[in-house]
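Take a look at the structure below.
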Amino acid sequence: MSNQSTNKAGLTIMVQGTASDVGKSLVTAALCRIFRQDGYAVVPFKSQNMSLNSYVTWDGKEIGRAQGMQADACGVLATTDMNPILLKPTKEMSSQVVVHGKPLRDFSAREYRESYLPQAGVIVREALARLRSSHDIVVLEGAGSPAEINLKDRDIVNMRMAAWADAPVILVADIDRGGVFASIVGTLELLEPHERERVCGFVINKFRGDIGLLQPGVDWLEERTGKPVLGVLPFLPGLALEDEDSLSLERKLEEQVKGRPDTLDIVVLRLPRISNFTDADPLYFEADVMLRFVDRPEQWGTPDAVILPGSKNTVEDLLWLRQTGLAQQISAFVKKGGHLVGICGGYEMLGDMLLDPAGVESEHKETPGFGFFPFDVKFAGEKKTVRIEGSAHTASGWLTDKLPVEGYEIHMGEMLQRGELLQPFAIRGQQTGAASLQEGELAYEGEGACSADGRLWGTFIHGILHNDDLRRAWLNFIRKERGWEPLAAELRFRESREEAFDRLAAHSRKHLNMPLVYKLLGAGGELGA
């Protein structure tokens, strides 16, 4: 079945939650994969997303990471219509507003609500209409809670969006936090009568234990609200899918348990404005890695390697590293021969100077970097967003054998080389707006910086550690210095994502009342299980 041949508006269903990090994104992804498996042309949609964890579409535009992941679950290329408005926090009370994948400008929270939200509402409705015109089903995702009283009058992402889409709403609650029944009933009580009527049922997520002990509560909830519990989803460990919310970092660390003696201790600096922390995701699933996020000097320990991740405000996060004393630990670690990797904003910190004469990122015009490499970074007015491919081409330490590289770049910083620089990668990107990779191909050029011994390196490439052979070569290089045998590159992270989508779908089918979901979705009988 294809909506393109019928010219009917696609049907809609929406996933909202009682709070952030209750599992909305994964429930949305599960429905997307189930509908795809059942033969429907399906796409995700989130009108407005606030996240520092972003994704670059095939044509070089920026959207929320979760919508890119959900598009993969649907088996389609992600487009900006799936997330037309992206808010990326820059300072305490302001965010960069990204519209259809391109930065518009920074707004304060008050300025955005009072001056831009009406226009944003038009943009998101038009994007949804385009998706509905060419697909059978659009699965919408809300943000935070629909019961935020102070935000409801200008809502474009929860109940007002559901009304614009005429979408039944599934309300997801996280039982692992406790108070699940109070959170569901409390949310309903704070909704307007017409909003409450739009909620078609509940999903209780992240359940651990005996379902029989929960059943009396489920029965009470259904009687109290007059609405069905569509399913109780047991906690599903080891799912190799990206998170969007940084709240999930602690939960992921709690899940990761390593028992082998030859385990590498790898630290990620948890910057206050950390972005694209999913760059480290594959390391969670490597059998010989224990990954830790560190934001205080006393947590440092004795790591085998340290990763400086991306940042939405490189200057402010570098100053924070100095204020906390972590910068001094990084410098001492490198001086002793430690393994340090900088990715995007973390890479920018490794040079001599951060230059921001126009105040693009901060009020600081010049900020000294770590001085590990001979380059300055100047923050430009236009953001670079591009998907890239290439290979490692420098025989430096572990960088050998033309290791393949894929990923994407999202940054405002422009590299100003000041001296001889060993560049570990040869890459080419796709021109923005090109209809195909072949049409948009650029020439290969050097990228990144690397020390002669391979212990210190940096790159603008997000997803660099998602390249399986390259990641294993780096880990084996560290293992060799520890006197441990190398391991084969058994983890195929991209393949494991497809398996994870299917696993998530099978898990959800088992525990969700999908016939009822289909009934709610296709009220006129267009769709059926």
Side-chain angles (χ1 to χ4, degrees), residues 9-20 22-29 31-32 35 42-51 63-64 66-67 70-71 74 78-87 95 97-101 109 112-114 116-173 187-188 190-203 244-245 517 520-521 523:
L11 299 175
T12 57
I13 193 164
M14 190 169 196
V15 178
Q16 296 187 23
T18 56
S20 295
V22 298
K24 294 186 296 290
S25 294
L26 285 182
V27 171
T28 299
L31 292 175
C32 284
F35 293 145
V42 56
V43 286
F45 176 80
K46 187 165 185 173
S47 57
Q48 175 184 282
N49 203 342
M50 178 173 281
S51 176
I63 64 173
Q67 283 62 64
Q70 291 158 358
C74 295
T79 71
T80 62
D81 277 344
M82 298 173 190
N83 178 211
I85 305 289
L86 175 63
L87 307 179
S95 292
V97 178
V98 179
V99 180
H100 276 295
Y112 178 73
R113 280 178 52 77
E114 293 180 352
Y116 193 72
L117 267 179
Q119 184 178 346
V122 174
I123 291 169
V124 302
R125 291 197 299 273
E126 290 175 346
L128 176 63
R130 284 190 292 271
L131 292 177
R132 294 187 70 184
S133 71
S134 56
H135 296 88
D136 303 321
I137 304 172
V138 180
V139 185
L140 291 81
E141 181 185 344
S145 162
E148 302 291 352
I149 303 302
N150 58 314
L151 302 177
K152 286 182 64 176
D153 63 326
R154 302 208 176 196
D155 168 44
I156 65 167
V157 68
N158 284 314
M159 281 300 175
R160 185 175 291 177
M161 189 70 242
W164 288 336
D166 193 22
V169 172
I170 297 172
L171 187 65
V172 178
T187 298
L188 289 181
L190 292 174
L191 297 178
E192 299 297 326
H194 67 278
E195 296 171 332
R196 196 177 305 129
E197 185 178 345
R198 191 169 288 283
V199 176
C200 64
F202 315 114
V203 170
E244 179 167 78
D245 199 323
V517 171
L520 296 165
L521 174 67

With a 4.5 Å limit on heavy-atom distance, are the side chains of [X] and [Y] in contact?
{"X": "Glu195", "Y": "Lys152", "result": "yes"}
{"X": "Val124", "Y": "Gln48", "result": "no"}
{"X": "Val99", "Y": "Ile85", "result": "yes"}
{"X": "Ser47", "Y": "Leu128", "result": "no"}
{"X": "Thr187", "Y": "Phe202", "result": "no"}

In Å and rounded to the nearest 0.5 Å, what is the [atom1] to [atom2] distance from [X] to [Y]?
{"X": "Ile63", "Y": "Leu86", "atom1": "CD1", "atom2": "CG", "value": "8.5 Å"}
{"X": "His100", "Y": "Thr79", "atom1": "NE2", "atom2": "OG1", "value": "8.5 Å"}
{"X": "Arg130", "Y": "Phe45", "atom1": "CZ", "atom2": "CZ", "value": "9.5 Å"}
{"X": "Leu131", "Y": "Thr12", "atom1": "CG", "atom2": "OG1", "value": "11.5 Å"}
{"X": "Thr28", "Y": "Gln70", "atom1": "OG1", "atom2": "CD", "value": "5.0 Å"}
{"X": "Leu521", "Y": "Leu11", "atom1": "CG", "atom2": "CG", "value": "5.0 Å"}

Would a distance-only check, ignoring hydrogens and angles, find a side-chain to backbone donor-acceptor pair under 3.5 Å from [X] to [Y]?
{"X": "Asn158", "Y": "Gly142", "answer": "no"}
{"X": "Asn49", "Y": "Gly64", "answer": "no"}
{"X": "Lys24", "Y": "Thr18", "answer": "no"}

request  = Run the numbers on Leu151 and Arg113 for side-chain contact (heavy atoms from CB on, under 4.5 Å), then give the verdict.
outcome  = CA-CA 9 Å; Leu151 302 177; Arg113 280 178 52 77; 3.8 Å; yes
task = Test salt bridge (charged side-chain N to carboxylate O under 4.0 Å, His left out) on Arg198 and Asp166 and set out the steps.
result = CA-CA 9 Å; Arg198 191 169 288 283; Asp166 193 22; 3.5 Å; yes
request  = Kindly write out the residues that satisfy salt bridge (Lys or Arg N to Asp or Glu O under 4.0 Å) with Arg125, not counting sequence neighbours, or none if the list is empty.
outcome  =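 So Arg125 forms no salt bridge (Lys or Arg N to Asp or Glu O under 4.0 Å) with any residue.
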Do you know the tightest heavy-atom contact between [X] and [Y]?
{"X": "Met50", "Y": "Ser95", "answer": "CE-OG, 3.8 Å"}
{"X": "Ile170", "Y": "Leu31", "answer": "CD1-CD1, 4.2 Å"}
{"X": "Ala71", "Y": "Met82", "answer": "CB-SD, 3.8 Å"}
{"X": "Glu141", "Y": "Ser25", "answer": "OE2-OG, 2.8 Å"}
{"X": "Arg132", "Y": "Ala165", "answer": "NH1-O, 3.5 Å"}
{"X": "Gln16", "Y": "Ala162", "answer": "NE2-CB, 4.0 Å"}

query = What's the verdict on side-chain contact (heavy atoms from CB on, under 4.5 Å) for Val139 and Met14, showing C-alpha distance, side-chain angles and the deciding distance?
reply = CA-CA 6 Å; Val139 185; Met14 190 169 196; over 6 Å; no
query = With a cut-off of 6.0 Å (strictly less than), are more than 12 heavy atoms of other residues, nucleotides or ligands near CD of Glu114?
reply =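 Yes.
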task = Carefully, step by step, assess Asp136 and Phe35 under the rule side-chain contact (heavy atoms from CB on, under 4.5 Å).
result = CA-CA 9 Å; Asp136 303 321; Phe35 293 145; over 6 Å; no
request  = Apply side-chain contact (heavy atoms from CB on, under 4.5 Å) to the pair Val97 and Leu87, showing each step before the final yes or no.
outcome  = CA-CA 5 Å; Val97 178; Leu87 307 179; 3.8 Å; yes
